[in-house]
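Each remark here refers to the structure printed beneath this line.
Not measured: the values here are computed from a predicted model.
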Amino acid sequence: MTERPLLLLDVDGPLNPFGARWWRPRGYVTHRVRPANWSSRQKPGSRRLRRGLRIRLNPAHGERLLALPYELAWATTWMHEANEMIGPAIGLPRELPVIEFANLFAEDPDGLYWKTRRVLEWAAGRPFVWVDDMITDLDVRHVAEHHDTAALLMRIDPRRGLREVEFRELERWARTL
């Protein structure tokens, strides 16, 4: 049996359209959470910390993602907290694999997005799609030059999140393998 390609999921942008500041996209539900990375940057006892970080998630995304012919994994600063706070809210299993990033937001010497090298290392030569709002053309070229199998880097508009057009593209791309 052939391994399914990987679908590497970022949270903020693709699943949480944080760029839609003044309106909530149709189908999304607002949640208040306290991820450790965010909480550590808040003033102790502050109103903001008490209220929690506002995120918007679409509960239909889990079923839609699970229906795709991919092996899902988290590629997000939320790391393991994505399994605790994001997955259950959208109907994903609690224990998806997680790409661990040691140096969050570290500047890359070649100007790549700070996740790119670790994503390539983690994919270990397997075909993959990576959905993220911060991917650049430089990252796309780097992956094309350093990954010997199929890869699709899908930049998602953080004002809109994953939409039907992206789900159709994910289905189409998987069929081409």
Side-chain angles (χ1 to χ4, degrees), residues 1-18 35-37 57-58 60-158 160-177:
M1 182 176 154
T2 307
E3 282 185 306
R4 297 189 314 170
L6 298 165
L7 177 52
L8 309 176
L9 299 166
D10 182 29
V11 170
D12 295 318
L15 297 176
N16 170 33
F18 68 89
N37 187 25
L57 301 170
N58 187 329
H61 277 167
E63 183 177 341
R64 196 72 167 85
L65 289 165
L66 290 170
L68 294 170
Y70 292 92
E71 181 181 319
L72 305 178
W74 296 113
T76 175
T77 58
W78 291 72
M79 290 189 271
H80 293 279
E81 288 182 311
N83 276 323
E84 300 165 27
M85 298 178 189
I86 306 303
I90 65 172
L92 289 178
R94 277 187 81 79
E95 292 303 320
L96 293 181
V98 174
I99 299 176
E100 294 184 357
F101 298 103
N103 299 313
L104 296 178
F105 312 111
E107 195 170 313
D108 183 86
D110 297 323
L112 296 172
Y113 178 27
W114 62 267
K115 290 182 183 178
T116 303
R117 293 181 196 277
R118 180 67 182 122
V119 163
L120 271 180
E121 178 187 325
W122 196 87
R126 287 182 63 186
F128 72 89
V129 176
W130 175 23
V131 295
D132 200 299
D133 62 307
M134 300 291 289
I135 294 167
T136 68
D137 290 342
L138 183 61
D139 302 304
V140 172
R141 285 193 301 275
H142 181 82
V143 169
E145 292 169 6
H146 295 91
H147 191 67
D148 293 334
T149 58
L152 173 64
L153 279 64
M154 186 181 282
R155 187 177 184 284
I156 304 299
D157 184 335
R160 292 182 175 83
L162 274 173
R163 296 171 300 155
E164 188 56 33
V165 66
E166 286 89 13
F167 281 107
R168 283 196 305 271
E169 176 61 12
L170 290 167
E171 290 167 346
R172 186 206 62 77
W173 191 82
R175 284 192 307 270
T176 67
L177 296 180

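Listed for the His146 side chain is no donor-acceptor partner under 3.5 Å among the backbone atoms of Leu120.
Ala82 pairs by the side chain to side chain contact (heavy atoms under 4.5 Å, CB included) definition with Val11, Trp74, Thr76, Trp78, Ile86, not counting sequence neighbours. The side chain to side chain contact (heavy atoms under 4.5 Å, CB included) test applied to Pro93 returns Leu66, Leu96, not counting sequence neighbours. Take Glu84 and apply the side chain to side chain contact (heavy atoms under 4.5 Å, CB included) test, not counting sequence neighbours, and it matches Glu81, Arg94. With sequence neighbours excluded, the residues forming a side chain to side chain contact (heavy atoms under 4.5 Å, CB included) with Arg117 are Asp108, Asp110, Leu112, His142, listed by chain and number.
For the residue pair Pro127 and Leu177, the shortest heavy atom distance occurs at CB-CD1, 4.1 Å. In terms of heavy-atom proximity, Gly125 sits nearest to Thr149 at O-OG1, 2.8 Å. Summarising the geometry of Gly13 relative to Ile156, their closest heavy-atom pair is O-CG2, 4.0 Å, with the distance given to 0.1 Å. In plain terms, the two heavy atoms of Pro17 and Gly161 that are nearest each other are CB-N, 3.7 Å. For Ala75 against Leu8, the heavy-atom pair with the smallest separation is CB-CB, 4.0 Å.
Relative orientation of the His147 and Phe128 rings is perpendicular, given thresholds of 30° and 60° on the angle between their planes.
Here CE of Met154 is found 6.5 Å from CD of Glu166. Values are rounded to the nearest 0.5 Å. Taken from CG in Leu162 to CD1 in Ile90, the straight-line distance is 9.0 Å, to the nearest 0.5 Å. Annotation: the span from Ile135 atom CD1 to Thr116 atom OG1 amounts to 7.0 Å, rounded to 0.5 Å. Rounding to the nearest 0.5 angstrom, the gap separating the CG atom in Leu170 from the CG atom in Leu152 is 7.0 Å. Rounded to the nearest 0.5 angstrom, Leu57 CG and Met85 CE are separated by 11.5 Å.
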Practice task
Could you check Leu65 against Leu9 for side chain to side chain contact (heavy atoms under 4.5 Å, CB included), going step by step and ending with a plain yes or no?
Solution key: CA-CA 10 Å; Leu65 289 165; Leu9 299 166; 4.1 Å; yes
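Looking at Arg64 and Glu164, a side-chain N of the basic residue comes within less than 4.0 Å of a carboxylate O on the acidic one, giving a salt bridge. Salt bridge Arg168/Glu171: absent, no basic N to carboxylate O contact under 4.0 Å.
Pairs engaging residues 88-125 under the ring pair (Phe, Tyr, Trp, His ring centres under 6.0 Å) rule: Phe101-Trp114, Phe105-Trp114, Tyr113-Trp130 [sequence neighbours left out]. Within the structure, salt bridge (charged side-chain N to carboxylate O under 4.0 Å, His left out) pairs that include any residue of residues 136-158 comprise Asp157-Arg159, Asp157-Arg160 (at least two apart or interchain).
When the shell of 6.0 Å around CE of Met79 is examined, it contains more than 12 heavy atoms from other residues, nucleotides or ligands.
Annotation: side chain of Asp10 is not in contact with side chain of Leu15 (no heavy-atom distance under 4.5 Å). Side-chain contact between Ile99 and Lys115 is absent, with no heavy atoms from C-beta onward closer than 4.5 Å.
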